[in-house]
Protein chains: 2
Amino acid sequence: MVNTGGRPARLNLDRILDEAREIVAADGVEKLSMRRLAARLDSTPTALYHYVRDKDELLAELIASADLHIDAAALPEGGTERLVALCERMHRLFVAHRWAIPVLATGVAVNARGAWLTNEILTALTERGLTPSEAFLAHETLWYFTAGHALLAHRHRRHDAAAPPHYTSAPQARGLAMIEELAPVSGDLARDYSFTTGLRHLLDGTLPRERGA
Amino acid sequence: MVNTGGRPARLNLDRILDEAREIVAADGVEKLSMRRLAARLDSTPTALYHYVRDKDELLAELIASADLHIDAAALPEGGTERLVALCERMHRLFVAHRWAIPVLATGVAVNARGAWLTNEILTALTERGLTPSEAFLAHETLWYFTAGHALLAHRHRRHDAAAPPHYTSAPQARGLAMIEELAPVSGDLARDYSFTTGLRHLLDGTLPRERGA
DNA sequence: ACCTGAACACCGTTCAAGT
DNA sequence: ACCTGAACACCGTTCAAGT
C-alpha cells in the first residue's frame, strides 16, 4: 500500500486526470470513484481533495482536458452536407463520452476543440441562411436532440431476457389504433431509425408544408 | 424499530410503491434507497427483495403505476396545434418525472395513459399528412428531443456561484467568430429559448427551403 | 503544502436462519 | 411464505493529526 520506489509518490492534477481517464475508458464512469482512483495512484481518497474540490470538479476537469480529435480536413467544404457531417461528429463525440453529457448540461467549460465544433456548426447554419440569433436557437435544438439521442438510444434492459418489440400489443395498447397498427412493424422501423434520420427531421421539418405557405 | 400496533406490519407491493412515490415526490429519486424505504416501512432492506427483484424493478413498477393524469378535454380538437399541445403535455410529464426518463429509455412498459398519449401523437401526425411509418419515425425524433430537453435543460451548477453567460469570451473562444459575436447576447437568447421553440424547429424545419424545392 | 487514518453517514445485494 | 440479522463490498466527504 505504501509507495516504495518505482512510481513517484507525489500526486499532481495531471497524474490524477490521466489515471481517471484510464478508469473511465476501461470500466466506465460508474467505476470511477475517489477511493478506487486513489488506490490506483497508491494514495488515499482524502489526498485527492487537495487537487479537486469534489468529484464533480474532477469530472469537469476531465472534460476540459478531453482529447476531442476532430478531423477537420475530412469534412465537406460547405452546404447542408457540411452541417450534417458536423452534427454527426458532435453525436459521435457524445456517444463516446456519454457520461459527460449531464455534466456539460450544467454549463461546464468545454475546451478549444469543443468550442471550435460549436463555432463551425453556428457558421454552417448562417451559411445556410440563418441569422446569428436564429443559428444560436437552432444550435440549442440540435444540442438537445443530439445529446438526448446519444444518452437514450440504447434500449438495453438488464433483465427480461430478449429485447421486446418496440410497441407491444400489451393490454394497455388495446383500442389504441395507431399503436396496434404499428406494433408488428415497429421493430423493423426502429432499426431503420438513426441519429441522421432525426437530424434531417430537425433541419428540414417532419411535417409537410402547409398548402399555400 | 419493531412494529407495534398502528400501521400493519406486513408488506405488500402497493404499500412499498406508495411509500417510494412519497420519497421521490418529497426528496427526489436520489433519496430513494432500499434502506431508507425499508426504514420508512418499519421493515428491513432485505424484506423488500421478496417483492421486487432489485432496485431497477422497483423503479419500473413505479413508472408502470404512475398516475399520469392527462386532461384530454382541454386539448385543441385537431391540426398542428393539437400536436403541439400533446407534445407539451409529454414534455411536462417528463419534467415532472425526470428520473423516469433513463428508465423509459431501456424500454420498460408504460401504463395505459402513457400509451394513450403516444397513440394521440401518432394519430395527430398522420392527420397532418404522414403515413403511419413516417409518424413512427417522427415520434422517435420527438421523443429524443423532448426527453433530452426535459433531462438536460437546467444549467444549475453546484459551485462557481453565479451562472456564467451561455457562451463566454473565454480564452478557448478566441478567434471563433460566431461565438465571439454571440457571446454578449447568448444569455438573452437562451432565455428566449423554450421547449416549444425546439418543437417548432422539429415540426417545420430549422433551415429555409432550398430554392427550387 | 501535502498527505494519512479514522470516522461519519451512507449505498445495493446475498445468504443463512428464524417463524 | 415472509421476514430478520449479519455480512460483503462498496460509496463521498470531513477533519484532526502528522511531516
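A note on names: the letters A, B, ... follow the listed sequences, proteins ahead of strands, and every chain is numbered from 1.
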Could you work out the separation of [N] and [M] based on their [atom1] atoms and round it to a whole Å?
N	M	atom1	value
dC10(C)	dC8(D)	C1'	15 Å
dA16(C)	dC2(D)	C1'	15 Å
dC11(D)	dA7(C)	C1'	14 Å

Checklist entry - Which nucleotide sits closest to the side chain of Asp54(A): dT13(D), dT13(C), dT4(D)? => result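 The answer is dT13(D), which lies nearest to the side chain.
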Item to check | Which nucleotide in dC2(D), dT13(D), dT4(C) has an atom nearest any side-chain atom of Arg10(B) | outcome: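 Between dC2(D), dT13(D), dT4(C), the one nearest the side chain of Arg10(B) would be dC2(D).
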Salt bridge [X]-[Y], side-chain N to carboxylate O under 4.0 Å:
X	Y	answer
Arg82(B)	Glu120(B)	yes
Asp71(A)	Arg89(A)	no
Glu81(A)	Arg200(A)	yes
Asp67(A)	Arg21(A)	no
Asp188(B)	Arg191(B)	yes

Checklist entry - Less than 6.0 Å separating the ring centroids of Tyr193(B) and Phe136(A)? => result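 Ring centroids of Tyr193(B) and Phe136(A) are no less than 6.0 Å from each other.
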For [X] and [N], what is the distance between atoms [atom1] and [atom2] respectively, to the nearest whole Å?
X	N	atom1	atom2	result
Leu48(B)	dT14(C)	CG	P	13 Å
Met34(A)	dC10(C)	CE	C1'	17 Å
Glu57(A)	dT13(D)	CD	P	11 Å
Leu37(A)	dG12(D)	CG	P	10 Å
Leu13(A)	dC3(C)	CG	P	12 Å
Asp56(B)	dT13(C)	CG	C1'	12 Å
Glu30(A)	dG12(D)	CD	C1'	17 Å
Tyr49(B)	dG12(C)	OH	C1'	5 Å

Checklist entry - Do the side-chain N or O atoms of Tyr51(B) get closer than 4.0 angstrom to the phosphate oxygens (OP1, OP2) of dC3(D)? => result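 Yes.
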Checklist entry - For Arg35(A) and dT13(D), is the shortest distance between a side-chain N/O and OP1 or OP2 below 4.0 Å? => result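 Looking at the OP1 and OP2 atoms of dT13(D), neither is under 4.0 Å from any side-chain N or O of Arg35(A).
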Checklist entry - Got a sec, which pairs hit ring-ring contact (aromatic ring centres under 6.0 Å, His included) with one end in residues 91-126 of chain B, sequence neighbours left out? => result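 For residues 91-126 of chain B: His91(B)-His149(B), His91(B)-Phe195(B), Phe94(B)-Trp143(B).
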Checklist entry - What would the secondary structure line of DNA chain C be in dot-bracket form, counting Watson-Crick and G-U wobble pairs under 3.5 Å, with [ ] for pairs that cross earlier ones and | for pairs with another strand? => result ||.|||||...|||||.||
Next on the checklist: Between dC3(C) and His50(A), counting only base atoms on the nucleotide and side-chain atoms on the residue, is there a donor-acceptor pair under 3.5 Å?
Outcome noted: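 Flag set: donor-acceptor pair detected.
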Checklist entry - Knowing that exactly one of Leu62(A), Leu41(A), Val52(A) qualifies, which makes a side-chain contact (heavy atoms from CB on, under 4.5 Å) with Ile16(A)? => result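 Testing Ile16(A) for a side-chain contact (heavy atoms from CB on, under 4.5 Å) against Leu62(A), Leu41(A), Val52(A) leaves exactly one candidate, Leu41(A).
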Next on the checklist: Heavy atoms only, 4.0 Å cut-off, all strands: where does Thr46(B) land among base, sugar-phosphate and nothing?
Outcome noted: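 Counting heavy atoms under 4.0 Å across all strands, the contact made by Thr46(B) includes a base.
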Checklist entry - Which is true for Ser33(B) with a 4.0 Å heavy-atom rule: it touches a base, it touches only sugar-phosphate, or it touches nothing? => result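 If one applies the 4.0 Å heavy-atom cut-off, Ser33(B) turns out to touch the sugar-phosphate alone, with no base involved.
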